[in-house]
Protein chains: 2
Amino acid sequence: MDAIDHILKQWARERPDLDTGPMGLIGRLTRLRAHLSREMEKTFSRFGLNSASFDLLATLYRSGEPYALQPGMLAQTMLITSGTMTNRIDQLVKTGLVERRRSEEDRRSVAICLTEAGKALISEAVEAHVATQHTLVAGLSEKDRDQLTALLGTYLAMFEADQA
Amino acid sequence: MDAIDHILKQWARERPDLDTGPMGLIGRLTRLRAHLSREMEKTFSRFGLNSASFDLLATLYRSGEPYALQPGMLAQTMLITSGTMTNRIDQLVKTGLVERRRSEEDRRSVAICLTEAGKALISEAVEAHVATQHTLVAGLSEKDRDQLTALLGTYLAMFEADQA
DNA sequence: CGAATTTATCTTGACGTCAAGATTTATATA
DNA sequence: TATATAAATCTTGACGTCAAGATAAATTCG
């Protein structure tokens with residue numbers, strides 16, 4: 001019995017005409033994400049980061065040498081606006097974890113690069129983050145975990161075709 | 001092939017020591033929620049609402065007569081802080097969709113009540129929202145939908161025991 | 001009864017995000 | 001070549017959220 005069960009019961013009483021099947025799915029997904037995010041933020045804050053700054057550093061890190069990507073490309077893969085991206089970069093530049101390098105070929109363009117400090121920090125933070133994620137799924141059986149991952153993949157693919 | 005597949009491949013190349021199984025699950029869930037929320041916000045904005053104000057009005061509405069609950073109770077069920085709750089209420093009071101009624105028995109306490117206008121609006125908005133949710137899950141087979149809902153329920157229950 | 005604690009709500013200040021638009025540079029078209 | 005269009009990034013102002021603390025009323029208990 002979770003909070004969504006309670007909500008669906010209320011709807012059934014007040015508005016029995018509504019088919020709340022989809023709400024059961026989407027509601028649980030939304031609420032689960034809130035719980036998971038809250039826990040993961042704790043790990044990030046141990047490294048002086050939040051999910052936004054962690055995500056940016058991690059994206060640069062996993063892109064491999066030379067650990068440099070453009071703001072526009074980053075914003076697109078992170079599903080955020082360009083203004084938000086500028087702000088995120090500003091914060092990380094202030095703390096010395098990334099730096100901006102203007103491009104020579106296209107002078108509109110900028111490369112965001114991990115500094116040595118940034119690389120060292122994110123390398124550690126990622127390990128802690130992966131450990132946290134392990135504990136967060138530990139309550140599920142391996143079978144449930146695999147099934148859930150597969151179903152979420154099927155669903156997500158409907159919103160994100162061809163992002164290979 | 002979704003965006004998470006791409007991310008996991010990068011991690012496998014850069015940090016093959018990390019077990020990213022849980023990341024596949026949590027990453028897809030997080031990203032899916034972002035897509036779903038973005039779509040649902042469109043419906044809310046048609047009624048001059050956002051997900052926050054919709055959620056508050058809907059919570060009052062589905063609680064049934066007399067469509068009145070206390071801020072603290074609302075904040076708890078919505079997983080938000082009391083300060084955020086105050087702000088949300090302020091907005092809805094300004095637009096005349098809810099009103100504050102001080103309690104007679106406990107003068108620290110306030111009841112947040114749907115106005116007639118608020119009830120009329122949320123009644124309509126809920127119908128549109130349910131319709132949107134239907135289209136958002138329409139791509140999944142009924143079997144997948146049921147399985148996914150059940151698995152999310154199992155998982156969510158680990159964070160929300162005994163909220164009947 | 002009276003002091004300490006708890007409860008319910010609101011206030012403040014900082015922060016992250018977005019939409020819309022500004023700026024600068026590159027590219028396409030006539 | 002000149003003009004228009006497109007692309008990449010940044011700026012601005014508004015908004016929602018949170019953490020921490022303030023305020024006020026109720027409750028506990030010595």
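Chain naming here is simple, since letters A, B, ... match the order of the sequence lines and numbering starts at 1 in each.
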* Asked: Nearest to the side chain of A:V110 - D:dC18, D:dG16, D:dC10?
  -> D:dC10

* Asked: Taking atom types as they are modelled, is there a donor-acceptor pair under 3.5 Å from the base of C:dT24 to the side chain of A:R108?
  -> no

* **Rounded distance (Å) that lies between atom P of D:dC18 and atom CZ of A:R38** => 6 Å

* So which one's nearest nucleotide on DNA chain C is more toward 5', A:T81 or A:E104? -> A:T81

* Rounded to whole angstroms, how far apart are CE on A:M85 and C1' on D:dC10? -> 13 Å

* Angle class for the B:F159/A:H35 ring planes (parallel below 30°, perpendicular above 60°, tilted otherwise)? -> parallel

* Structure fact -> Winner on side-chain proximity to B:Q70, out of C:dT9, D:dT17, D:dT9, is C:dT9

* Can you tell me how far C1' of D:dT9 sits from CD1 of A:I112, to the nearest Å? -> 10 Å

* Asked: 5'-most contact on DNA chain D: A:G72 or B:N87, nearest heavy atom basis?
  -> A:G72

* Asked: Between A:D90 and B:A52, which has a closest nucleotide on DNA chain D that is more 5'?
  -> A:D90

* Asked: If you check the B:R107 side chain, which of D:dA25, C:dC10, D:dC18 turns out closest?
  -> D:dA25

* **Spacing between B:L49 atom CG and D:dG16 atom P, to the nearest angstrom** => 11 Å

* **Distance test, side-chain N/O of A:T84 to OP1/OP2 of C:dG16, below 4.0 Å** => no

* So, B:E41 versus B:S51: side-chain donor-acceptor pair below 3.5 Å or not? -> yes

* Asked: Roughly how many Å is it from CG in A:L56 to P in C:dG16, rounded to a whole number?
  -> 12 Å

* Taking atom types as modelled and ignoring hydrogens, do the side chains of B:T149 and B:D146 form a donor-acceptor contact shorter than 3.5 angstrom? -> no

* Asked: Which part of the nucleic acid, if any, lies within reach of A:E105 when heavy atoms closer than 4.0 Å are counted: base, sugar-phosphate only, or nothing?
  -> sugar-phosphate

* To do: Measure from CZ on B:F44 to C1' on C:dC18 and round the result to the nearest Å.
  => 17 Å

* To do: Would you check if there is a donor-acceptor pair between the side chains of A:S103 and A:S109 at a distance under 3.5 Å?
  => no

* Structure fact -> Against the side chain of A:S82, the closest entry in D:dA7, D:dC10, C:dA8 is D:dC10

* Are OP1 or OP2 of C:dT9 and a side-chain N or O of B:S109 less than 4.0 angstrom apart? -> yes

* Structure fact -> Rounded to whole Å, CD1 of B:I80 lies from C1' of D:dG16 at a distance of 10 Å

* Are any non-hydrogen side-chain atoms of B:Y155 and A:L136 less than 4.5 angstrom apart? -> yes

* For atom CG of A:N50 and atom C1' of C:dT17, their distance in whole Å -> 12 Å

* Which part of the nucleic acid does B:T86 contact within heavy-atom distance under 4.0 Å: base, sugar-phosphate only, or nothing? -> base

* Assign B:R102 to base, sugar-phosphate, or nothing according to its heavy-atom contacts below 4.0 angstrom with the strands shown. => nothing

* Asked: Do B:T81 and B:T84 meet the criterion of a side-chain donor-acceptor pair at a distance under 3.5 Å?
  -> yes

